[in-house]
Each structure stands twice: as structure tokens, then as C-alpha cells.
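So the structure is just underneath, and the comments pick up after that.
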2 protein chains.
Amino acid sequence: MDSDYGVPRELSEVQQKRTLYQPELPPCLQGTTVRVEYGDVAIAADPAGAHVISHAYPHTYGQPLAHFLRKAANVPDAKVISEHPAVRVGIVFCGRQSPGGHNVIWGLHEAIKAHNANSKLIGFLGGTDGLLAQKTLEITNEVLSSYKNQGGYDMLGRTKDQIRTTEQVNGAMATCQALKLDALVIIGGVTSNTDAAQLAETFAEAKCATKVVGVPVTLNGDLKNQFVETTVGFDTICKVNSQLISNMCTDALSAEKYYYFIRMMGRKASHVALECALQSHPNMVILGEEVAASKLTIFDITKQICDAVQARAEKDKNHGVILIPEGLVESIPELYALLQEINGLHGKGVSVENISSQLSPWASALFEFLPQFIRQQLLLRPESDDSAQLSQIETEKLLAQLVETEMNKRLKEGTYKGKKFNAICHFFGYQARGAMPSKFDCDYAYVLGHVCYHILAAGLNGYMATVTNLKSPLNKWRCGAAPISSMMTVKGWSRGPATTQIGKPAVHMASVDLRGKAYEMFSRRR
Amino acid sequence: MDSDYGVPRELSEVQQKRTLYQPELPPCLQGTTVRVEYGDVAIAADPAGAHVISHAYPHTYGQPLAHFLRKAANVPDAKVISEHPAVRVGIVFCGRQSPGGHNVIWGLHEAIKAHNANSKLIGFLGGTDGLLAQKTLEITNEVLSSYKNQGGYDMLGRTKDQIRTTEQVNGAMATCQALKLDALVIIGGVTSNTDAAQLAETFAEAKCATKVVGVPVTLNGDLKNQFVETTVGFDTICKVNSQLISNMCTDALSAEKYYYFIRMMGRKASHVALECALQSHPNMVILGEEVAASKLTIFDITKQICDAVQARAEKDKNHGVILIPEGLVESIPELYALLQEINGLHGKGVSVENISSQLSPWASALFEFLPQFIRQQLLLRPESDDSAQLSQIETEKLLAQLVETEMNKRLKEGTYKGKKFNAICHFFGYQARGAMPSKFDCDYAYVLGHVCYHILAAGLNGYMATVTNLKSPLNKWRCGAAPISSMMTVKGWSRGPATTQIGKPAVHMASVDLRGKAYEMFSRRR
């Protein structure tokens with residue numbers, strides 16, 4: 001399984017077959033006479049924040065939307081970008097790997113070379129580390145050949161660090177200048193695209209010639225807004241996980257004696273859990289957004305599960321599958337408050353050993369109530385984006401223990417008459433992340449890569465590549481670009497008991513919309 | 001995901017498509033003029049045990065092998081079973097679910113009805129529980145329709161209990177007599193097939209007319225012997241798990257900072273881990289059989305892993321994937337000895353709370369050394385076959401902790417110069433068990449179902465259905481039957497420091513043959 005960057009690797013038979021698939025391009029991107037048409041100035045969705053954003057992004061906020069269109073017969077040649085000088089473009093994987101990422105690079109490489117064979121695409125090795133240290137690999141057909149339509153980010157590697165401190169931003173700028181890059185393409189989710197916008201603004205301010213382009217790639221599916229319909233990787237993750245959940249459902253139904261508690265990846269938002277529930281029909285799903293909206297405590301959730309178990313036992317069913325989103329722990333008000341306190345103490349430099357003794361009486365009581373394993377996990381240092389280490393906190397085990405305790409109590413009291421409650425816990429956190437991308441993700445990523453080229457050919461800075469109308473067949477897809485700053489909001493995402501906070505503008509993750517279509521479908525079938 | 005026995009269930013699109021696949025039959029089983037030819041008397045592989053077995057199985061040991069062949073033009077009609085009276089046949093899932101089980105029932109149903117439309121196939125609901133309680137469901141085309149080529153055992157359900165005590169055996173006989181069964185077909189692994197042989201013998205002794213037939217179905221792949229090449233389910237499990245392991249390899253290679261410790265299901269033998277390693281090329285695999293053969297201690301294994309991690313770090317590789325078989329804990333001499341002591345104290349009725357205080361000084365020292373979580377797991381009551389609760393013992397976490405401690409020590413001492421060692425643990429125990437069966441398992445199970453019919457039509461008792469030459473295309477498969485007692489051995493499987501023990505004859509699980517082909521391939525590629 002090892003590979004050395006740039007050295008062609010040995011592929012399995014199925015990997016080889018996958019390299020042969022050639023995604024199509026929508027008509028608007030075919031040929032070398034794509035034209036740009038500018039739309040309205042892109043406005044931030046929240047008008048209250050627009051002022052703050054325009055203040056923070058004076059050079060890059062307030063730019064128009066761009067649409068890439070096929071050169072129509074009656075369009076004067078002047079409107080088509082006819083000259084395509086050789087360009088030098090850098091590209092970097094930021095954040096966690098997501099299936100389809102390689103195809104963005106493939107698409108961009110195709111487009112660059114189709115317009116000028118002398119252009120160069122330069123990949124940064126090891127994510128932001130490579131960007132700052134100028135560790136590069138020139139992307140060629142040979143390098144790409146074994147990564148087409150493949151999962152993972154291993155062609156270049158990645159880190160999940162941000163590009164945010166002045167030192168990091170200056171380091172990135174130094175690299176772009178040293179390598180004489182016309183553009184830098186950043187592949188990532190909400191955090192990395194926020195960074196991309198910041199880089200674009202700083203570069204413009206400093207009159208650095210490099211334009212910065214963002215691409216929406218994250219399996220969490222939480223980069224969604226007025227301009228972005230979905231992200232690369234989400235489709236694959238939901239399909240692969242749904243298949244595994246279906247297997248678990250068959251398994252539970254065959255054994256007839258276990259409840260499977262499955263924690264799904266997806267960070268704070270419950271998109272993955274919701275979509276997987278729609279695809280695989282487990283018996284129960286807890287959505288973080290519902291919990292937050294109804295301010296359910298851990299005891300409320302436990303009771304809900306227990307009542308469902310009891311109702312099923314009355315129908316002689318003593319098995320089931322329950323999905324739990326990775327981010328649930330931050331949606332439960334009292335646990336969120338506890339995490340905030342712990343986080344604050346981390347920030348004050350209090351050592352892990354001493355944190356529990358310095359909690360407020362209320363938080364301390366909750367902390368002491370929790371089982372040992374989860375206490376240790378809650379004390380882990382937060383991630384670079386200040387969220388808890390969600391992948392490490394076994395909320396599914398906590399819930400399973402609480403439900404078991406309650407069901408044993410009900411059994412003793414005689415209110416529950418089913419079989420002894422048996423829970424088995426699972427975390428579906430990594431099995432799908434390296435999966436081979438679905439056809440949709442192969443196509444979507446490849447097209448986005450092409451769009452990146454047209455953005456930089458148009459000389460746009462601080463834009464994200466967008467493809468819309470994605471539910472229609474590929475030949476109806478619409479390609480464009482929107483300023484990343486217009487996707488920003490200013491208020492922190494208000495969850496649980498946290499009061500809304502005014503902070504820096506950022507592309508915030510979109511939580512599951514409880515008035516949206518997916519949730520409505522889910523509620524109807526529940 | 002719920003279903004009620006016998007009520008047609010709603011299928012997903014992919015499930016529906018799968019029901020349309022019609023497995024073929026090898027030429028020898030086509031039509032209704034299949035003939036039986038008897039071969040030599042089947043002799044137990046271990047001559048030393050033959051005497052004990054023949055003593056324990058006077059009615060069913062010493063029977064000949066049976067081969068089912070196509071009626072050739074020059075074969076007199078007399079040799080073909082021409083009369084096919086209506087029969088009543090019971091069928092039951094025993095032991096853990098394995099992909100393909102449903103197709104055995106489908107194949108048997110097809111064969112039964114093809115030979116006499118008045119014959120009946122009766123399924124027992126909920127495994128051995130249903131067999132003893134006479135909970136039945138008549139198998140019809142309608143019942144089968146939504147289970148063809150589907151995973152799980154949910155058409156009938158199962159338990160993993162044995163049919164071994166006098167009470168259970170008598171209960172099974174009472175059911176067979178009450179339902180006037182001509183034959184009882186038992187679908188399962190080594191334990192259930194041993195039970196099948198015992199039932200056959202007891203029924204013959206008691207002049208009960210019901211013949212007992214066994215079918216080799218277990219995902220562990222450990223029912224292998226001179227007559228049985230592989231079991232139904234093993235192919236699927238290895239393919240599904242290999243795909244997940246490949247995903248993990250891509251993931252590890254993309255993140256470049258984690259070692260994934262993956263515990264594979266498969267019970268005591270390491271067949272699943274070995275086959276998955278051959279298919280997916282992880283960085284390292286620990287095989288229980290190697291550990292037992294070399295008498296490696298937990299510290300030896302830790303050192304092996306640490307040395308590999310250190311060697312990789314010298315090549316600037318700080319990531320990897322390590323497979324660990326579920327049964328490893330019983331292959332490590334000192335842990336096996338500890339488990340045996342605990343098991344003995346369980347047998348004496350010592351309560352779980354008091355066990356640790358009653359261990360021998362040596363075992364107690366080891367026990368106290370182990371982390372808390374694994375101590376609790378080692379104290380779990382053993383399974384019905386006296387093995388430890390392997391699925392509950394997190395050997396991968398134990399190894400990861402020990403390796404981390406050692407790597408931190410080496411880092412401090414300066415002998416290890418790589419990045420801080422990071423392990424993430426996984427158990428691939430359930431995701432694949434309910435998977436849809438592979439084409440091979442669909443075909444193999446379906447053909448075995450047909451073979452069952454020919455066994456019972458020939459009036460054979462205590463036989464297992466066999467299909468051989470499985471590596472050739474289906475039209476070259478050879479179908480037959482062998483007395484289950486001839487697959488038995490008498491000595492217990494000697495593992496770790498356990499002395500060989502003389503016990504009851506049984507079909508014992510086959511461990512990975514360290515002189516076999518699969519292991520040789522694996523060693524060559526290592």
C-alpha cells in the first residue's frame with residue numbers, strides 16, 4: 001500500500017479498470033472557446049453581516065457572480081477569452097481526505113493543458129505543510145495516470161492544519177511568489193475555503209499576482225449555501241456507509257437480539273446520518289439539529305430510545321439499528337456547555353489533570369456522573385477549529401450504557417417485559433473515507449477542476465468553483481463561480497445553549513435544515 | 001428494516017435486481033435423473049481417532065462416500081432413483097449468520113419441488129429455539145421470493161445455541177417425529193455439523209425415521225477437511241472486508257500519520273485475516289497460527305510491530321495498516337493460559353468479582369499488568385463452545401496501547417526518530433456479516449441446497465453435502481456427500497501451551513495451515 005509521491009504505483013485490477021473511466025464535460029465547458037458572463041454582484045445571504053464582511057474583505061467582497069457558457073454562434077469573438085497564455089498553477093489538498101479529490105486535479109490539469117500545452121500544474125506535497133515548505137510535485141499525465149477516479153488524497157497527501165496565522169499566510173504568499181504562481185487552488189471544506197478567501201484578500205492587498213480559487217470538497221456535506229449545492233465526497237460517503245448500515249440491519253434482523261448503536265462520521269452537522277437514514281432505513285436516527293432545536297438533554301434522548309426499545313419489544317422485536325451523528329455530543333445542551341468550560345480551561349493553559357477540579361459546580365456534577373471512558377475523551381484538546389475531537393468521543397457508547405441501565409431498571413420494575421437489552425457499538429468513521437468515489441463524485445470533481453481553470457483564466461480572485469443543477473443529467477449542469485466572501489456569515493452557528501456570538505466572517509458549516517426537503521422526507525417516513 | 005416471518009417484505013432496487021439472478025446447476029445435478037454412485041468407505045483423517053469415532057458413531061461411521069452423477073446413456077435405469085415420493089423436510093439455521101445461507105434453502109426447495117410437487121419444505125423459526133418449540137414456516141415460492149441471493153438469515157432467524165444436551169436432542173427428535181419429517185437439514189459451521197452428526201446417530205439408534213443432513217455454512221472458513229474445500233460465506237466476507245481494508249489503506253496513506261489496528265472477525269482461526277491480507281495488502285498481519293507455532297508472547301508481538309514501525313519511520317513513513325485476527329488472544333500462550341484459569345474458575349461457579357483474587361500468582365501478575373478494559377473483557381463468561389468471547393475482547397486496543405508505550409519510550413531514548421506514534425483501532429466484526437453474498441457464494445449455496453435433496457432422496461443419514469473442484473468453472477463442479485463423522489477428529493486442537501486433550505469426537509475447526517498454499521503465497525509476498 002505504500003507509495004512514493006510521483007512514482008507510478010501498482011494498481012489492483014479494479015483500480016486499473018477505474019482509471020479507464022473518462023468523465024464527460026457539460027456542453028458549456030467543451031472546447032477552448034468557453035466564455036464568461038458576469039451576473040449580479042454576489043451578496044452575503046445575511047444582510048446584517050454584509051457590512052462586516054465588506055469591511056473585512058474590501059478587495060474581494062462585492063464581486064459579481066461568473067457564469068461559464070458555451071460560445072454561441074451570435075456571440076462576438078471579443079466576448080470569448082481567445083488568448084490563453086501559459087500559466088503556472090499550484091494546487092493543494094487541505095483538510096480531511098474526501099473521495100473524488102484526485103479528480104479535481106485531473107480536471108484542472110486537462111483544462112490547463114488543453115488551453116496551453118506550456119502551462120504547468122504544481123501540486124504541494126503533504127497539504128499545507130508542503131505549501132509552506134515549497135515541497136512540490138509537477139502534475140503530469142504520468143503522475144495522474146494511476147489516480148484517476150481513485151479515492152484518497154495520496155497522490156499528494158494532506159494535513160488538516162489551517163492557513164490562518166500571519167506567519168502561515170505570509171509563508172503561503174512567499175511560496176506563491178517564489179514559484180511565480182498565477183493561481184493557487186485550494187481543495188477543502190468550510191475551514192479551508194475560509195482560509196482561501198483570506199489568502200485571496202491578503203494577496204490582493206499585498207499586490208501579489210497569485211489568484212486564489214477554492215473548491216468545495218468535503219465528505220461532511222456541510223458546505224452548502226446559496227451558490228453551492230453539495231460537496232465532492234458526500235455522495236460516496238453516504239452510499240458506502242448506507243451499504244454497511246444495510247448490512248448491519250440485515251445482521252440485526254438475523255440475530256434478533258442486539259441493538260446496534262452506530263456513530264456516523266460527518267463532524268458537527270448530521271447530513272451524513274440523515275442521508276444514510278434515507279438510503280438504508282435503520283430503526284432510529286438521532287439528529288444533532290433536532291436535539292439542539294428541542295434542547296433535548298442526554299436523559300431525554302436516553303428516554304426516547306428506551307421508549308422505542310420498549311415499544312418494539314411489545315411487538316416481539318428485540319433488535320434494531322440506531323444511527324448517531326458524530327457531532328451529537330456538541331448538540332446536547334449540557335454536554336456542550338461542559339465542553340465549552342473544558343475548552344476554556346484548556347485555553348487558560350490548565351493541565352488536563354487539573355481541569356476536572358476547576359469546573360463549575362454544575363459542570364463538575366455532570367462530569368462526575370459520566371462514565372470514565374467518556375470523561376477522558378471530553379478532556380481531549382479541541383481541534384484546530386475549536387470543535388471537540390468528535391471522532392474520538394464515543395457518544396454511541398455513552399448512550400448505549402445509559403439505555404442499558406434504564407432498560408435493566410424497567411425490566412426489574414416490570415414495565416419492560418422484553419428480553420435483556422443488548423447493545424453493540426460501532427463507529428463508521430474511517431471505512432468509507434478512503435473509498436473509491438461514486439460516479440457522481442468522479443464527474444462532479446472532474447468538472448469542478450475544469451471550472452477552476454476558467455476562473456483563473458478570467459483572472460478572478462477569491463472565488464469558489466461552482467456547479468449547479470446537479471440533480472439534472474450532466475449535460476444540463478451549469479458551471480460558474482462565486483466570491484467565497486459572499487458565502488460567509490458573521491454570527492457563529494448557534495447550537496444548544498450557546499448564545500449567538502459575533503466573530504470574524506467565515507464560511508460556516510450548514511447544519512441540517514429542519515424545514516428542508518431531506519428532513520421532510522425523513523420525517524414523513526419515520 | 002423490520003420483517004415478519006413469511007410476510008413478503010419490501011425490497012430496495014438493488015435487492016430486487018438480485019432476486020432476478022438464477023444460479024446455474026452443474027451438469028451432474030441437472031434434470032430429475034441424477035444417479036448416486038457410492039465410493040469407498042469414508043475414513044477419518046486421523047487413524048488414531050477412527051476407533052474412538054466408530055465407537056461413538058456405530059450407526060453412522062463407516063458409511064461410503066456418495067457421488068451424484070448425471071445419468072449416462074449406458075447406465076441402466078435401475079441405477080437412477082426413479083421414484084421420488086413426496087417428502088417432508090425440515091431446515092434450520094444454526095450458529096452465526098453467513099452470507100449465502102438463504103440460497104441453500106432456495107436450492108433445496110427447487111430440487112424438492114422439481115422431483116415431487118407434493119413435497120414440503122418446512123423452515124424452523126429462530127434457529128434451534130424454533131426447532132425445539134416446533135415454530136415453523138412452510139417454505140414456498142412466495143416466502144422465498146424476496147430472499148433469493150440476499151444476505152442474512154432473516155427469512156427464518158437463527159440462534160447460536162447448540163443441540164447437544166440430552167434434553168435438546170430429545171426435543172429435536174420429538175419435533176421431527178411430530179412433524180413426520182423425512183429429513184432435517186442443518187445449516188451451520190463446525191459446531192452445528194457436529195451436532196448434526198450426533199442427532200443422526202441418536203435418531204438411527206432410536207429408529208427415528210428422520211435423516212439428518214449437514215451443510216457447511218460459516219463465514220469463518222474454518223470448516224475445511226479432506227471432503228470440504230470451503231464454506232458458504234467465506235468468499236463474501238473476505239471480499240467485503242478486503243474492500244474496507246483497501247479503503248483504510250488509502251486513508252492511512254492520505255493522512256500519513258496514523259497506524260490503523262484492525263481486528264478481523266473469523267473466530268479462533270485466522271483464515272479471514274490471511275485471505276484479506278492476500279486481497280488487500282496491508283502493511284502487517286499477525287496470524288494466530290504463527291503466534292501459536294512460534295509461541296510468541298504479547299511482548300514479542302509488540303516488539304515485532306514496534307520494529308516494523310521504526311523501520312518504516314526510517315523511510316519517512318509514519319502510517320500503516322495492521323490486521324489482527326479476532327482469535328489472537330487465544331493464540332498467545334500466556335493469555336491463553338490466563339483465559340483457561342478464568343474459565344476454570346467460571347466453571348467452579350466463582351463469581352466474576354472474585355475471580356481475579358483466586359488466580360494463580362503467575363496469572364494474577366499478568367492480569368494486574370493488563371489495562372482495565374481488557375481485564376473486564378477477559379472476565380466475560382465463555383461462549384457455549386468454551387471459547388472466550390472473542391468478538392468482545394479488544395486485542396487490537398491492547399496491542400495499540402503496548403506499542404504506543406514502547407514507541408514513546410524509544411522516542412525518549414532516541415532509538416526511534418519518527419513522528420509521535422498514533423494508533424486508531426477498529427473492529428471489522430459486523431459490517432460484512434449481513435452483506436449480500438458474492439456470486440460464488442450464491443452459486444455454491446444454491447448447488448449445496450440441491451445436493452441436500454439428493455442426499456435425502458438416497459436415504460443417507462449423518463452426511464454433509466459437499467461440492468468440490470470449486471476452483472474450476474461451475475460446470476466442472478463435483479457434487480457428493482460424506483459422512484460427517486468421517487470429518488471428525490478426537491484430539492482437541494492444540495494451541496498455545498495447552499496440552500493435547502482427548503475428548504469427544506467432533507468436527508474441529510481447521511486452523512491456517514502453515515505449510516499450505518495460501519500461507520505460502522502470503523509469506524512470499526510479505
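Nothing here was measured: the structure is a model prediction, and the numbers come from that model. Proteins come first, then strands; the chains are lettered A, B, ... in the order of their sequence lines, and each starts at number 1.
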[atom1]/[X] to [atom2]/[Y] distance, rounded to the nearest 0.5 angstrom?
X      : Y      : atom1 : atom2 : result
A:H426 : B:H426 : NE2   : NE2   : 14.5 Å
A:L244 : B:F428 : CG    : CZ    : 8.5 Å
B:F373 : A:F373 : CZ    : CZ    : 13.5 Å
B:L253 : A:Q97  : CG    : CD    : 9.5 Å
A:C425 : B:F427 : SG    : CZ    : 13.0 Å
B:Q279 : A:S12  : CD    : OG    : 10.5 Å

Around atom [atom1] of [X], are there more than 12 heavy atoms from other residues, nucleotides or ligands closer than 6.0 Å?
X      : atom1 : result
B:Q372 : CD    : yes
B:E10  : CD    : no
B:K17  : NZ    : no
A:E256 : CD    : yes

Over all atoms of both residues, closest heavy-atom pair of [X] and [Y]:
X      : Y      : value
B:M436 : A:N247 : N-OD1, 4.3 Å
A:R158 : B:A255 : NH2-CB, 3.4 Å
B:E394 : A:K397 : OE2-NZ, 4.1 Å

| field | Contact origin within A:I424 toward chain B - heavy atom pairs under 4.5 Å | value | side chain
| task | Please flag which part of A:F93 lies under 4.5 Å from any non-hydrogen atom of chain B: side chain, backbone, both or neither. | result |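 Answer is neither: A:F93 stays 4.5 Å or more from chain B.
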| message | Is B:K257 close to chain A through its backbone or its side chain, or both, or neither, when contacts mean heavy atoms under 4.5 Å? | response | side chain
| task | Using atom types as modelled and distance alone, determine if a side-chain donor or acceptor of B:S254 lies under 3.5 Å from a backbone N or O of A:Y153. | result | yes
| task | Please answer whether the main-chain N or O of B:M248 pairs with a side-chain N or O of A:Q431 as donor and acceptor at a distance below 3.5 Å. | result |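 No, because the side chain of A:Q431 does not come within donor-acceptor range (under 3.5 Å) of the backbone of B:M248.
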| field | With sequence neighbours excluded, residues passing side-chain hydrogen bond (donor to acceptor under 3.5 Å, both in side chains) with B:Q310 | value | B:R410
| said: Under the rule for ring-ring contact (aromatic ring centres under 6.0 Å, His included), what residues qualify as partners of B:F421, not counting sequence neighbours? | reply: B:Y259
